[in-house]
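Note that the numbering runs from 1 along the sequence shown for the chain.
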Amino acid sequence: MMSLLCITIISLTLAGSAYCEMTSPSSVEKVTAHLGENITLPCTFPFEDNSFFGSMGIRVKWTKLGEEESLTEDVLTSMGFHKKTYGSFKDRVFMQEYDSDDASIVITDVTMDDVGKYRCDATNGEEDYVVDIIVELEHDLTTGVVFPYFPHMGRYNMIYDDAVQACESQDAVVANFDQLVAAWKSGLDWCNAGWLNDGTVHYPITKPREPCGGSNSKPGLRSYGRRDKKLFRFDVFCYVSELNGHFYWLVQPERLSFDEAVQACYDDGAEIAKVGHMYAAWKLEGYDRCDAGWLADGSVRYPISRPRKNCSPTEAAVRFVGFPNKTMNAYGVYCFRPE
């Protein structure tokens with residue numbers, strides 16, 4: 001009865017704003033993508049006879065499924081020559097149509113918001129075909145950098161959605177478990193727990209000590225397990241895979257307030273750099289500068305790749321000064337000019 005109701009609704013309208021809960025999908029596939037690239041989401045329906053309504057009679061609806069039904073988004077609807085895209089997918093999603101039984105779509109210029117589960121629902125009036133596609137981001141563990149992050153409100157202040165937004169605001173994504181393991185093996189030691197992209201919470205310890213699991217414990221990833229994304233608050237581990245632009249220290253005759261720093265970068269044809277830019281430049285390009293400078297989130301940091309006296313003497317690191325009063329004329333600024 002539910003399947004018949006869905007067919008009726010789809011037949012009456014292409015907008016398809018109502019979401020029909022279908023039976024289990026015929027298959028589930030995974031597609032990996034890189035930010036800014038195009039991806040194809042495959043959907044080839046195996047109807048034995050596509051001539052029930054003729055070639056114009058196949059109805060297709062693509063949706064992006066949310067964790068809750070109210071968060072489900074329409075992506076594309078199609079019947080014959082009539083096609084429509086919706087919301088953030090408008091003018092970014094196209095149907096391939098290589099064959100009469102192909103309802104695959106192409107999503108252009110992939111963003112973090114495109115990650116998730118999609119559903120292709122095709123019907124010829126007699127049969128329904130449903131396939132789910134999971135879109136994930138793919139990163140190169142050998143070239144990227146994981147960095148712990150918390151905003152100006154202080155530590156342990158972010159539910160999961162806040163953590164996702166925090167990383168995105170720094171031109172990064174929430175790290176996955178494998179990326180954190182790789183960072184730990186490379187020496188990352190951090191005694192504050194942070195979200196990973198699967199909703200679990202961990203922190204990496206290379207030098208066991210009393211406040212971080214005990215001085216007699218072994219090095220490793222400490223785990224809080226999976227936590228309620230809407231209830232618990234932690235920091236986050238972010239991941240950036242590349243630096244698409246030029247990161248640099250802006251030489252200025254005087255120290256600047258935060259607003260003056262933003263304007264100075266703008267006057268130089270750039271923007272004030274983000275934390276992700278600094279970590280990418282430090283890790284991927286060996287950037288080294290022993291001058292504390294403003295960044296876009298209001299923090300002050302400096303990157304050291306060659307440890308020396310008065311400049312992170314014991315280890316290469318991005319040093320964090322804090323979130324000072326933005327009116328203080330006490331620091332320089334790091335700028336970023338996108339490619």
For Pro324, side-chain contact (heavy atoms from CB on, under 4.5 Å) partners two or more places apart:
Trp294, Val300, Met328, Tyr331
Using a 4.5 Å side-chain heavy-atom cut-off and chaining through intermediate ILVMFWY residues, the residues clustered with Phe320 come out as Phe150, Phe323
I'd like to check Leu180 versus Leu196 (side-chain heavy atoms, cut-off strictly below 4.5 Å). Are they in contact?
yes
Got Glu29 and Pro42 here, is their nearest side-chain heavy-atom distance under 4.5 Å?
yes
Would you tell me whether Tyr203 and Ser223 have side-chain atoms, one donor and one acceptor, within less than 3.5 Å of each other?
no
Close side-chain approach of Ile134 and Val28, heavy atoms under 4.5 Å:
yes
Partner residues of Asp268 under the salt bridge (Lys or Arg N to Asp or Glu O under 4.0 Å) criterion, sequence neighbours left out
Arg337
Distance only, no hydrogens: is a donor on one side chain within 3.5 Å (strictly under) of an acceptor on the other, for Arg222 and Ser217?
yes
Show me the donor-acceptor pairs, under 3.5 Å and distance only, between side chains in residues 273-281 and residues at least two apart or in other chains.
unit_1: Lys274; atom_1: NZ; unit_2: Asp171; atom_2: OD1; d: 3.3
unit_1: His277; atom_1: ND1; unit_2: Lys274; atom_2: N; d: 3.0
unit_1: His277; atom_1: NE2; unit_2: Asp171; atom_2: OD2; d: 2.9

Show every disulfide (SG to SG under 2.5 Å) that has at least one partner inside residues 295-332, sequence neighbours left out.
Cys290-Cys311
Checking Asn176 against Tyr239 for the side-chain contact (heavy atoms from CB on, under 4.5 Å) test, could you report, in this order, the C-alpha distance in whole Å, the side-chain angles of both residues, the deciding distance, and whether it holds?
CA-CA 8 Å; Asn176 64 38; Tyr239 176 83; over 6 Å; no
Between Phe177 and His202, does the ring centre distance come in under 6.0 Å?
yes
If you measure only the distance, is there a donor-acceptor pair under 3.5 Å linking the side chains of Asp267 and Gln263?
yes
By side-chain contact (heavy atoms from CB on, under 4.5 Å), which residues pair with Arg233, not counting sequence neighbours?
Ile159, Asp162
hydrophobic_cluster_shared for Leu71 and Val75, side chain cutoff 4.5 Å
no
Within the 3.5 Å criterion, strictly below it, is a donor on Thr63 or Asp74 matched to an acceptor on the partner's side chain?
no
Treating Ile, Leu, Val, Met, Phe, Trp and Tyr as nodes and any side-chain heavy-atom pair under 4.5 angstrom as an edge, say whether Tyr118 and Ile39 lie in one connected cluster.
yes
Salt bridge (Lys or Arg N to Asp or Glu O under 4.0 Å) with Asp259: which residues, sequence neighbours excluded?
none
side-chain contact (heavy atoms from CB on, under 4.5 Å) between Ile58 and Met79: does it pass, once the steps are laid out?
CA-CA 6 Å; Ile58 304 298; Met79 187 176 75; over 6 Å; no
In the single-linkage hydrophobic clustering (I, L, V, M, F, W, Y; side-chain heavy atoms under 4.5 Å), do Tyr224 and Trp195 co-cluster?
yes
Could you state the interatomic distance from CG (Leu76) to CD1 (Ile105), rounded to the nearest 0.5 Å?
6.5 Å
From Ser88 OG over to Asp114 CG, what is the distance, rounded to the nearest 0.5 angstrom?
6.5 Å
For Arg319 and Ser312, does a side-chain donor sit closer than 3.5 Å to a side-chain acceptor?
yes
Rounded to the nearest 0.5 angstrom, the CG-OG1 distance for Asp128 and Thr123 is 4.5 Å
Students often mix this up, so state it plainly: with edges at 30° and 60°, are the rings of Phe232 and Phe234 parallel, tilted or perpendicular?
parallel
Does the side chain of Cys43 reach to within under 4.5 Å of the side chain of Tyr129, using non-hydrogen atoms?
yes
Distance from Ile272 atom CD1 to Cys335 atom SG, nearest 0.5 Å?
7.0 Å
Before accepting this row, confirm whether a basic side-chain N of the pair Asp121/Lys61 lies closer than 4.0 Å to the acidic partner's carboxylate O.
no
Test Val93 against Thr108 for side-chain contact (heavy atoms from CB on, under 4.5 Å), laying out the working first.
CA-CA 6 Å; Val93 175; Thr108 62; over 6 Å; no
Contact check, side chains of Lys83 and Val60, non-hydrogen atoms, under 4.5 Å
no
Between Val181 and Phe237, is there shared hydrophobic-cluster membership here, with clusters defined by ILVMFWY side-chain heavy atoms closer than 4.5 Å?
yes
Are Val106 and Ile133 co-members of a hydrophobic cluster defined by side-chain heavy atoms under 4.5 Å apart?
no
Can you name the salt bridge (Lys or Arg N to Asp or Glu O under 4.0 Å) partners of Glu254, sequence neighbours left out?
none
Ignoring hydrogens and angles, write down the donor-acceptor pairs under 3.5 Å from the side chains of residues 205-214, residues two or more places apart or on other chains.
unit_1: Thr206; atom_1: OG1; unit_2: Asp189; atom_2: OD2; d: 3.1
unit_1: Arg209; atom_1: NH1; unit_2: Asp189; atom_2: OD1; d: 2.9
unit_1: Arg209; atom_1: NH1; unit_2: Asp189; atom_2: OD2; d: 3.2
unit_1: Arg209; atom_1: NH1; unit_2: Lys207; atom_2: O; d: 2.6
unit_1: Arg209; atom_1: NH2; unit_2: Asp189; atom_2: OD1; d: 2.6
unit_1: Glu210; atom_1: OE1; unit_2: Ser215; atom_2: N; d: 3.4
unit_1: Glu210; atom_1: OE1; unit_2: Ser215; atom_2: OG; d: 3.1

Other residues, nucleotides and ligands only: do more than 12 of their heavy atoms fall within 6.0 Å of OH on Tyr156?
yes
Is the backbone of Asp109 close enough, under 3.5 Å, to the side chain of Asn38 for a donor and an acceptor to pair up by distance?
yes
Residues which pass ring pair (Phe, Tyr, Trp, His ring centres under 6.0 Å) with His152, listed by chain and number, not counting sequence neighbours
none
When Tyr287 is tested against each of Tyr302, Trp249, Phe247 for ring pair (Phe, Tyr, Trp, His ring centres under 6.0 Å), which residue passes?
Phe247
Taken in chain and number order and not counting sequence neighbours, the residues that satisfy side-chain contact (heavy atoms from CB on, under 4.5 Å) with Lys230 are Glu68, Asp228
Does Asn310 have any side-chain hydrogen bond (donor to acceptor under 3.5 Å, both in side chains) partners at least two apart in sequence or in another chain, and if so, which?
none
Check whether any side-chain heavy atom of Trp62 lies under 4.5 Å from a side-chain heavy atom of Thr85, and answer yes or no.
no
For Gly286, does its backbone N or O pair with a side-chain atom of Ser305 as donor and acceptor, under 3.5 Å?
yes
Could you grab the distance from atom CG of Asp235 to atom OH of Tyr149, nearest 0.5 Å is fine?
10.5 Å
For the CD atom of Glu260 and the NZ atom of Lys326, what is their distance to the nearest 0.5 Å?
13.5 Å
Are side-chain heavy atoms of Phe89 and Lys64 found at a separation under 4.5 Å?
yes
Evaluate the salt bridge (Lys or Arg N to Asp or Glu O under 4.0 Å) criterion for residues Lys229 and Asp198: first the C-alpha distance (whole Å), next the side-chain angles of each, then the deciding distance (0.1 Å), finally the verdict.
CA-CA 10 Å; Lys229 293 181 178 180; Asp198 61 356; over 6 Å; no
Is any side-chain heavy atom of Val173 closer than 4.5 Å to a side-chain heavy atom of Glu168?
no
Could you report the tightest heavy-atom contact between Val236 and Met158, atom names first, then the distance?
CG1-CE, 3.7 Å
When you look at Leu41 and Ser104, which way does the side-chain contact (heavy atoms from CB on, under 4.5 Å) test go after all the steps?
CA-CA 6 Å; Leu41 275 55; Ser104 303; over 6 Å; no
Got a sec: does the CG of Asn216 have more than 12 other heavy atoms crowding it under 6.0 Å?
no
